[in-house]
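Input: a single structure, listed below in structure tokens.
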Amino acid sequence: MTSSLLRSATALVHPLLLLLSVFLLVRGHDEPGGGFAGGLVAASAFVLQALAFGPERVRRSMAINPQRLVGIGLLIAAASGLPGAIEGKPFLGSLWIEAEVPVLGRVALGTPLLFDLGVYATVVGMVVLVVLLLEEARR
Amino acid sequence: MLWLVASGFAAAGLGPWLHKAAPRAAAWLLALVPLGITLRLAWMLPDVASGEIGIERSRWVEPLGVALGFRADGLSVLFALLIAGIGTLIVLYGGSYLKGHERLGRFQGAILGFMASMLGVALADDLLLLFVFWELTSFWSFLLIGFESDRKEARTAALMALLVTAAGGMALLVGLLLLGSAAGAWSLSAILESPEVLQGHPHLPWIVGLVLVGAFTKSAQVPFHFWLPRAMEAPTPVSAYLHSSTMVKAGVYLVARLSPVFAGVAAWTWTVTAVGLVTAVVGSAMALGQSDLKRVLAYSTVGALGVMTALLGIGTEEAAQAALAYFLAHALYKGSLFLVAGAIDHETGERDVRKLGGLLAAMPITAACGILAAASMAGLPPLFGFVAKETWLEAALHAPSAAAVLVAASFATGTMFVTAAWIAGVSPFAGRRTATPRTPHDPGLAMAVGAIVLAAGGLVAGLWPGLVDGPLLTAAVSSVSGEWTQVELELWHGVRPPLLLGAAALAVGTLLHFRPRPLAALAGRLSRAAHFGPEAAYTRAVELLNRTASAQTRVLQSGYLRRYVRIMLATAIVGVSWALLEVDWRGALSGVRPPRPHEAAVGILMLGAVLAAVLPASLVFSIVGVGVVGYLVALVFLLFGAPDLAITLVLVETLTVILLVLVLPKLPAIHGAVRRGRRLQDAAFALASGAMLTFALLAALKIPRSTAVRDAMLSLAVPEGHGRNVVNVVLVDFRSLDTLGEICVLGIAGVGVYALLRLRPKRGELP
């Protein structure tokens, strides 16, 4: 599957998909989206790249080992539960801070967003891991 | 006290790393931790000895009333001092004994981990905490016995020890749970303060039975004794530490600890005494037929543990005194003898007593330790073993019931101990020098210090019993007997029955050693009987378990995916249909409204896609058909107002189709080769499961639902969750623990795929 059409299209679409995935991640709390959806879109971006350019290119462009990404994601998600525990809430109790950001107005940041980031990372890592392994086994 | 135990675990974690960093100094550095613990405990000693009981409690599992409770009284501090003190010596010894071994770091780590768990057993106040540490010691013991894991005998022995002690541990757990609920309190302190609560309780026989099973498995009482001699496959530091001085004494400790509670219960006293006596006699008898140095010591340890148990069963203050005095004496002399045996093995390369002799000249220090320890074992004055034996015989003579049996058994056991002492502690050094694989010489300081300290300890305690009776034993005996008992031990009591009995035992034992013929016959008969004994039962039980497991696996895990799916589907269909028989179908079906035009269109498209997927055509066509079904389901989600679900499903469906296309064409082309009959069976299963789900959903829709949770989530989403997308708020905030579990599953699945695809062993290698 090395059609040049696919390659050129992928080169354009890949960064857009990654951008879309971050967009989905951040908007998830108020609109449809969230960590799972964002993670899957990002993973699809890398899958597309793998289909068009091959798994080695994906490993290079990802710069981080997908297994390690899974671990980091799990770590972030679990660690996001600690601030709440330190403050006396049960583990994974949410802590929020509200801040006035110049352009965006009143923004609320909290540990659930960190958790969502962890979910995002885990999903991306896992899907990319599986697809890369299968692609490499195929070749 | 929590810090004492925790520091042990921390040191255990540090061990392997320290060994990589500083191999030569590591043992000495690591030994500082148990040394520190010993000193701290010794610092506690004056208060504890005068009767103060230190209790610490910290929160652990609040809702169940389980706390991290620790108790320092005479009994626990005595045991803890032995554990930490001997631990110091063992860490030094082990560093030398296994010098150069590639896994020495892990070994030291395991020894320290064991020590910390054992300290936990000794110092624990909370019942469940005690149990956790109890099981932890079994775990470390498993790792240490099987240390030389490439040897099959070591692995078998480790497994045997683990299975027996863990099975006992399970019995202990149930017993402790019953005890806690019967007494209404989960801490030993509370139970010990008011033991009357248990009197006449209907569960009492069960509690006694289960707790005793736990204690007897750990302390190698008959019929659970067979794992201990097998555990001699472990390196000698392990045998000296776990299997003579500490872990096996845990059962005796538990019996002692609970004695004030169960003192009046006949089942307890009779069982404990009887089992103890049988173990004492059988254990010491079996020691005499062994030719391996360590096995002689192991069986005689079984015998000694039996003695301690029987003494604790008698129930008098004198007996408690004797039990704890022997507890201490045995730790000193047996530990020393094991260390000597290890030194002999290490320096000469020989462990068979028939082939050892005349080592006195070559290993004078070792010989001195061995002979001192053997004298203590044989009950010779002025060693502490003599003092302990006198107390033991006194207690037996003054026992309130069955004194004659007790005295006879004690005499026999004592005699056999004398003979075993000759075999293990004296004859390797006496007589003519034999040829050994290596040239023997005294071991270095690290290995020698342990044997010297323990043997000398036996001598010092014997000469000046005042050093131990007040500080160590008084408070301990008081914990056991339930009231303050001042212990006073003397070296010389005058010419009284115990002394005469002791002298007679010494004479007979020595005679048996030098005229071994009657002994050989006895040993032969015992080993033939062992074919029908508990060890044979264990082996046969394990074999049966393995055979059953293999047979069941062959049937259920045949390797055919189709069979797995069919079994799972069939079970689900039968189970759910059974429940669905009770549903009022007229009511359920009446509430279903006819589909609107666009919904019907989606349904028809789905049917089309299903047919495309199912009817025989190319494989890729089928995969795409399944994918289309997925997209249409996502459309249904959108139609019914679940955008998050729809997004996720579309994405997952896309990725799944891609994955399937990557994988499935690699499979052998079986698509066209399937028989018609099988296809019909598959169709039947598919239709049946589809129908089952449909009817189950229809029935579920009719169940009256409360909207309380939904309303709460909806109302809390913005104020507490700071988000207007309730689904996401629930996923990552309100129910984030569930989501954490789900992504863990993702991670595990990823690891599984990696292992399957990458970690395939090359031809001929072991996985």
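Reminder, nothing fancy here: chain letters follow the sequence lines and each chain counts from 1.
More than 12 heavy-atom neighbours from other residues, nucleotides or ligands sit within 6.0 angstrom of CZ on A/Arg59. The environment of CZ in B/Arg735 is sparse: at most 12 heavy-atom neighbours from other residues, nucleotides or ligands sit within 6.0 Å. Sparse packing is recorded around CZ of A/Phe23, with 12 or fewer heavy atoms of other residues, nucleotides or ligands lying under 6.0 Å away.
For B/Thr648, the parts lying near chain A are the backbone and the side chain together; criterion is any non-hydrogen pair under 4.5 Å. If you measure heavy-atom distances from B/Leu655 to chain A, the contacts under 4.5 Å come from the side chain alone. With a 4.5 Å cut-off on non-hydrogen atoms, B/Leu757 touches chain A through its side chain but not through its backbone. For chain A, the nearby part of B/Ile658 is the side chain; its heavy atoms alone come within less than 4.5 Å. If you measure heavy-atom distances from B/Ile647 to chain A, the contacts under 4.5 Å come from the side chain alone. Using a 4.5 Å cut-off between heavy atoms, B/Leu731 contacts chain A through both its backbone and its side chain. For B/Val727, no part lies under 4.5 angstrom from a heavy atom of chain A. Residue contact with chain B, scored on non-hydrogen atoms closer than 4.5 Å, involves the backbone and the side chain of A/Glu31 alike.
Atom CG in A/Leu40 sits 5.0 Å away from atom CG in B/Leu651 (nearest 0.5 Å).
Counting all heavy atoms, side chain and backbone alike, A/His29 lies closest to B/Val732 at CE1-CG2, 3.5 Å. Between A/Ala78 and B/Leu740, the shortest heavy-atom distance links the atoms N-CD1, 4.1 Å. Pairing each heavy atom of A/Met126 with each of B/Ala749, the nearest pair is CE-CB, 3.8 Å. Across all non-hydrogen atoms, the minimal contact from B/Gly723 to A/Asp30 is CA-OD1, 3.4 Å. Among all heavy-atom pairs drawn from A/Ala77 and B/Ile743, the shortest one is CB-CD1, 3.7 Å.
Between chain B and the options A/Gly34, A/Gly28, A/Ala37, heavy-atom pairs under 4.5 Å are most frequent for A/Gly28. Per-residue heavy-atom pair counts under 4.5 Å with chain A were compared for B/Leu746, B/Val652, B/Val726, and the maximum is reached by B/Leu746.
You'll find the side chain of B/Leu662 reaches within 4.5 Å of the side chain of A/Val131, heavy atoms only. Two residues are said to be in side-chain contact when any heavy atoms from C-beta on lie closer than 4.5 Å; B/Asn728 and A/Asp116 meet this criterion.
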Can B/Asp733 and A/Trp96 be said to form a side-chain contact (heavy atoms from CB on, under 4.5 Å), step by step?
CA-CA 11 Å; B/Asp733 194 351; A/Trp96 292 88; 4.0 Å; yes

Kindly indicate, with the supporting measurements, whether the criterion side-chain contact (heavy atoms from CB on, under 4.5 Å) is fulfilled by B/Val753 and A/Leu129.
CA-CA 9 Å; B/Val753 174; A/Leu129 173 68; 5.9 Å; no

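Under a 3.5 Å cut-off, the side chain of B/Asp644 and the backbone N or O of A/Gly33 do form a donor-acceptor pair.
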